[in-house]
Amino acid sequence: MCGISGCIIKRGNVANILYSSLKRLEYRGYDSAGVSTIYQGQLLVKKDAGKIDEIHSRLNLLDLPGNIGIAHTRWATHGAPSQVNAHPHLDCTGSIAVVHNGVLENFLELKQELEARKHTFRSKTDTEVIVHLIEEYIKIGKKLTEAVLETTRKLRGSYAIAVIYAGEPDKIVVARNESPLVIGLAKDMNLVASDVAALIEYTNRVVFLENGDMATVTADTFQIIRIDTGIPVERKITELNWTLEMATKGGYPHFMLKEIFDQPNVLREALRIQEKYLDLLTEFLDRGRDVFLIASGTSYNACIVGSYMFSKLARLSAYPVVASEFIENYGSSIGVDTVILALSQSGETADVLTSLDYARYRAATIIGITNVLGSTLTRIARAYVLQNAGPEIGVAATKTFTSQLMVLALLALRLARKRGKVSQYEIDEFQDELRSIPQLVEKTLEISNEPIKKLSREAARFSSMFFLGRGISYATALEARLKVMELSYIPSIAYPAGESKHGPISVIEEGYPVFFIAPNDETRKYLIGNIMEMKARGARIYCVGSEGDEEVKQLSDWFLGLPTTHSLLSPVVYIIPFQLLAYYTSIERGYDPDKPRNLAKSVTVL
Ligand code: F6R
């Protein structure tokens with residue numbers, strides 16, 4: 001998730017406006033940044049790796065004359081954070097510049113075609129193909145707007161782009177598919193940006209572009225057309241009364257809520273992860289005699305989900321282990337035949353890294369899934385996959401958890417194909433369901449938000465609660481408990497539902513709240529037995545189950561029905577109401593969900 005911005009002004013320079021918009025967008029990514037302006041018919045560029053302030057102190061980003069420019073702050077997805085990979089990217093003639101937020105699916109084939117036509121690529125980014133394509137259309141006499149239109153029609157994937165061309169220094173051309181883009185209208189000046197935070201300092205009159213829109217923006221006009229038809233469309237001008245703080249949070253009161261609602265898009269990005277990285281990890285996983293999934297906290301809960309997926313779909317036994325216990329438990333038995341898949345959002349969790357250091361010393365193969373390019377995990381691992389979830393600012397992991405589950409599902413799918421132990425039908429069915437997950441999560445957010453907000457008023461008064469699930473839903477129960485407990489500070493218990501009768505059930509008394517994760521899968525009939533056991537002892541039953549499951553609904557004191565999905569993908573959908581419950585219960589109890597006490601985003605101590 002990168003941030004893009006652009007500005008065109010009638011008189012004066014835009015460098016200071018672009019610099020301040022970059023600072024506002026920094027929360028979207030901060031491994032490199034750059035600015036490009038047009039001055040006296042020349043394109044000027046300053047860009048580098050590092051945080052914006054560091055780059056500014058080295059290059060002085062304010063010292064860029066010109067009344068038109070674009071800027072970018074990067075969260076690397078293709079290509080390491082470096083000067084050459086930083087945006088803006090230029091064409092071969094150095095007269096066109098582009099900034100991009102998103103991931104292109106077909107960049108490799110486009111790049112090969114462009115290289116065959118003698119274009120020189122400087123970076124390892126997917127973005128650079130865009131500017132070379134535009135260059136080709138300009139070369140054959142098209143105007144910038146037309147060149148961008150033709151180019152976007154060739155792109156597959158997500159993008160928000162802003163383009164300037166020294167030959168037409170009176171306009172910025174922008175286009176979007178899935179990645180957000182907004183135009184800001186001010187006096188004698190117009191702006192474009194990934195989000196309102198970048199422009200609210202200058203105007204509150206904005207136009208939100210829709211998927212498939214493209215716009216040509218001058219200092220006092222803008223025209224929007226549809227990319228597929230080229231036909232002009234009207235979009236309404238919205239007057240916002242947002243503060244700068246609200247704008248940074250996309251209008252949500254907290255980053256956590258924004259990140260919860262970002263999930264459909266984050267999951268779409270996860271589906272675009274490049275196959276070659278997934279294939280590499282699959283190769284290693286398939287070769288291991290012993291395979292371990294290690295992580296801490298929420299990432300560990302994702303490992304449990306992964307172990308069910310690998311086992312059921314690919315018939316691969318992979319053992320989830322809490323990182324801080326790994327060396328004690330398995331340290332003496334691991335060796336050259338061991339493969340360790342480490343999950344860490346930050347890539348910096350000390351418990352994980354210490355286990356990996358030890359395992360490396362014993363010649364085990366280490367592979368990883370992380371959200372942070374350049375993190376220690378990416379340096380230790382033989383191969384890794386980046387989640388592409390963008391920075392997560394709320395301390396509690398939400399969007400990075402569901403995106404970890406998507407990556408694990410993609411790996412399970414590939415492993416299943418490679419190992420060939422389940423039928424093609426099962427594989428195809430899983431693949432189809434996987435593609436529909438972003439949409440199901442969108443629907444789940446819609447269904448859950450209001451009922452959960454209401455429920456949180458009741459939950460805020462609980463002094464303790466239980467979370468139970470069977471099979472893969474046990475992992476959902478663990479993650480639901482972790483989220484609710486760490487944000488509301490209500491001591492809570494999570495157990496495999498079948499195990500609860502072996503001890504924890506003694507806690508139950510009249511009215512004690514027990515939450516069941518109850519999708520309509522192969523565990524349901526046993527789970528109903530567990531619900532009855534709890535009911536018989538006076539527990540108050542809260543069930544999140546499948547839409548239309550009347551039997552479970554009848555047994556419940558409170559029921560929320562969610563869309564049906566493949567049982568192995570149900571955690572991605574079923575965790576959503578619990579993330580919301582954690583958030584709203586924290587608010588009800590008067591806490592700050594973005595910064596729960598005693599916790600840090602990245603735990604770098606043992
Ligand atoms: C809980 C949470 C933590 C992290 C854990 C591991 O909401 O965020 O439990 O999951 O500290 O962090 P990473 O994934 O960065 O290794």
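Whatever order the structure lists them in is the order used to number ligands and atoms, beginning at 1. Keep in mind that the numbers below use all heavy atoms, side chains included, and drop hydrogens, waters and symmetry copies. The structure presented is a predicted model; accordingly, all values stated were derived computationally and were not measured.
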Undergrad: Regarding Gln263 and Thr398, do their side chains bring together a donor and an acceptor under 3.5 Å, going by distance alone?
TA: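 No, no side-chain donor-acceptor pair sits under 3.5 Å.
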Undergrad: Examine the side chains of Asn371 and Gln345 and answer whether a donor and an acceptor come within less than 3.5 Å of each other.
TA: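 A pair is found: one side chain offers a donor N or O, the other an acceptor, under 3.5 Å apart.
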Undergrad: Side chains of Asn530 and Arg470: donor-acceptor distance under 3.5 Å anywhere?
TA: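 Judged by distance alone, the side chains do pair up.
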Undergrad: Looking at side-chain heavy atoms only, is the closest gap between Ile517 and Pro519 below 4.5 Å?
TA: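 Yes, close enough: below the 4.5 Å cut-off.
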Undergrad: Begin from the C-alpha positions of Arg268 and Gln439 and carry the test side-chain hydrogen bond (donor to acceptor under 3.5 Å, both in side chains) through to its verdict.
TA: CA-CA 9 Å; Arg268 281 185 192 106; Gln439 214 186 335; over 6 Å; no
Undergrad: What residue among Arg362, Arg289, Arg287 forms salt bridge (Lys or Arg N to Asp or Glu O under 4.0 Å) with Asp337?
TA: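 With Asp337 as partner, Arg362, Arg289, Arg287 yield a single salt bridge (Lys or Arg N to Asp or Glu O under 4.0 Å), made by Arg289.
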Undergrad: Can you tell me which residues line ligand 1 if we count any heavy atom under 4.0 angstrom from one of its atoms, in chain and number order?
TA: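 Lining ligand 1 at under 4.0 Å, by heavy atoms, one finds Ser296, Gly297, Thr298, Ser299, Ser344, Gln345, Ser346, Thr349, Val395, Ala396, Ala397, Lys483, Glu486.
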